[in-house]
Amino acid sequence: MPSERSTYDLVIAANRLPVDRVTADDGTVEIRRSPGGLVTAMESVMRDHDGAWVGWAGETGDAPEPFDDGGIHLHPVGLSAEDVAFYYEGFSNDTLWPIYHDVIVPASFHRDWWQAYQRVNQRFAEAVAALAAPGATVWVHDYQLQLVPAMLRRLRPDVRIGWFDHIPFPPVELFAQLPWRSQLLEGLLGADFLGFQRQADARNFVRACRQLLQARTKRDLVHVEGSSRTVRAAAIPISVDFKGLERLAKQPEVMARSAQIRESLGNPKVLMLGVDRLDYTKGIRHRLKAYEELLVEGRFSPPDVTLVQVATPSRERVGAYRTLRGEIEQTVGRINGEYSRIGAPAVHYLHHSYPREEMAALFQAADVMLVTPLRDGMNLVAKEYVTCRHDLGGALVLSEFTGAWHELHQAFACNPHDIEGLKQAMVRAVNTPAKDRQRIMQALRRRVSDHDVQRWAARYLAALRSAPERPRLEQVADAPAAPDPQAAEASPDPVVAP
Ligand code: ADQ
């Protein structure tokens, strides 16, 4: 049942609602949690606020009626089959996503995709405008909705508008390739405050405004031409619900399940784990290559060492994702054909979504967590892994190209493009004495526990309230500067076979 209220003091707009309504062939409707990092993070924040969430419900056609779930008012926005193909799979995931992730695959530019992107952003803006109470706070999320801030400001100049970028913001040299670059910047400048994962992302945005719009800028501020408005752009790195997830990981059933997982894998000496959406940004191919070479060289061998790779289905109608899936499955097949023994596969490949309890059990079972993206806004998996390791066990191998690395620099750092270096980081994670690994894990956990998702949301909302001034809270809580990646790479530990 939808709530009786018609307007809300806090309204979230994100491409997807936190739950999907899935209609089965027999017509029965099931409510299913949507995948991905944004939902994971915002769900726990919204539980503490009495707000509304505007987003797509995951099926094409007319929007279903608004409904309430878990204390949140959910307001679906309808997308036609063409909207999904052009706005979502096309412009969002085949134009913006590659440009914002270092063009790991080439971006496609189509004018009809851009038309759809504008049309759908306008639909979101109108839905938010209708739900926001006078003077409400509106928090818009991510790259799919970059035009919403300016569209909403035209409809509702009374509301306070924030936008948060969950993915990287590219250097101006890449951003400038977009034929619609000025419109995107102007869309974002409709907000009062723009939040990014890293300081480098915020700086890239300010620089793009200066170079492409000739906007006047000063440090983290952009002056909006032809108005008296100034917009602030700053880094507020996202995090996980540390307390909630740790509590889950401490449940006896989850811990028992973790032991059971290890046992069903034949109690390997070293269990390595990868958990990613099946996305070319996540560096799954590089990880498999490094692992395969370690098997070839005899430094790792099953059943002593095994790798579980969970690759969640993602964007399966976009060509680059289909190609990637084929490549990964072929590589896993080759590795297993060559190095598995009966009952002891070298790679366990799982292409499913799992409940949170199962994910927590997997994290606890893994001796080494491999997080090797080529580019990633944050990477919540890295933070979830350390949160679940209340036993101080395990080791995190972490790519320097994730936002997470800027906070978790005690992890075993790697550059996934450097296969030799990646192999060394994997071997180092295995061979570092348990006491040292525990010390590292303790430091990583302290960081995530001090900077959890509740603090992220509080900092974001405080920054939005005081923008363009800085809030006092945020000055206290700024992320520490990361060390020089070259220096981290320059101190390798000895490579010893496990
Ligand atoms: P994503 O690219 O989706 O997020 P990530 O941050 O790792 O990446 O979040 C993935 C989430 O999905 C995690 O909570 C993870 O536990 C969950 N998950 C993954 N595989 C799963 C499976 N098989 N079953 C169940 N759950 C699974 C985007 C950006 C990131 C940024 C987040 C949040 O790309 O850089 O960290 O948003 O801002």
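Only this structure's heavy atoms are used, side chains among them; waters, hydrogens and symmetry mates stay out. Position 1 is the first residue of the sequence, and the numbers go up from there. Just so we're clear, the structure is a prediction, and the values are computed from it rather than from any experiment. Each ligand, and each atom within it, is numbered from 1 in the order the structure gives.
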Students often mix this up, so state it plainly: with edges at 30° and 60°, are the rings of [X] and [Y] parallel, tilted or perpendicular?
X      : Y      : answer
Tyr117 : Phe91  : tilted
His73  : Tyr8   : parallel
Phe196 : Trp163 : perpendicular

- Is there a nitrogen or oxygen of Gly377 sitting under 3.5 Å from a nitrogen or oxygen of ligand 1? yes
- Query: Is Val310 in polar range of ligand 1, meaning some N or O pair under 3.5 Å apart?
  - Reply: no
Enumerate the atoms of ligand 1 whose separation from the nearest heavy atom of [X] is less than 4.0 angstrom.
X      : value
Val275 : 19 (C), 20 (N)
Arg277 : 1 (P), 2 (O), 3 (O)
Val381 : 7 (O), 15 (C)
Leu380 : 5 (P), 6 (O), 7 (O), 33 (C), 36 (O)
Thr312 : 19 (C), 20 (N), 21 (C), 22 (C), 23 (N)
His352 : 22 (C), 23 (N)

- State, to 0.1 Å, how close Asn379 and Ala382 come at their nearest heavy-atom pair, and which atoms those are.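 Nearest heavy atoms, Asn379 then Ala382: OD1-N, 3.0 Å.
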Electrostatic pair [X]-[Y], nearest N-O below 4.0 angstrom:
X      : Y      : answer
Arg285 : Glu327 : yes
Arg287 : Asp276 : yes
Lys282 : Asp279 : no

- Query: What do you reckon, are the aromatic ring centroids of Tyr460 and Phe193 less than 6.0 Å apart?
  - Reply: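 Between Tyr460 and Phe193, the centre distance is under 6.0 Å.
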- Heavy-atom proximity to atom 1 (P) of ligand 1 ranks first, among Met378, Lys282, Gln197, His166, for Lys282
- Task: Identify which of Tyr354, Trp97, Tyr143, Phe363 has a heavy atom lying nearest to atom 24 (N) of ligand 1.
- Result: Tyr354
Could you tell me whether [X] approaches ligand 1 through its side chain, its backbone, both or neither, with non-hydrogen atoms closer than 4.0 Å?
X      : answer
Arg356 : neither
Asp279 : neither
Ile238 : side chain

- Assess whether salt bridge (charged side-chain N to carboxylate O under 4.0 Å, His left out) is satisfied between Arg315 and Glu89, documenting all intermediate values. CA-CA 7 Å; Arg315 304 174 190 169; Glu89 292 164 349; over 6 Å; no
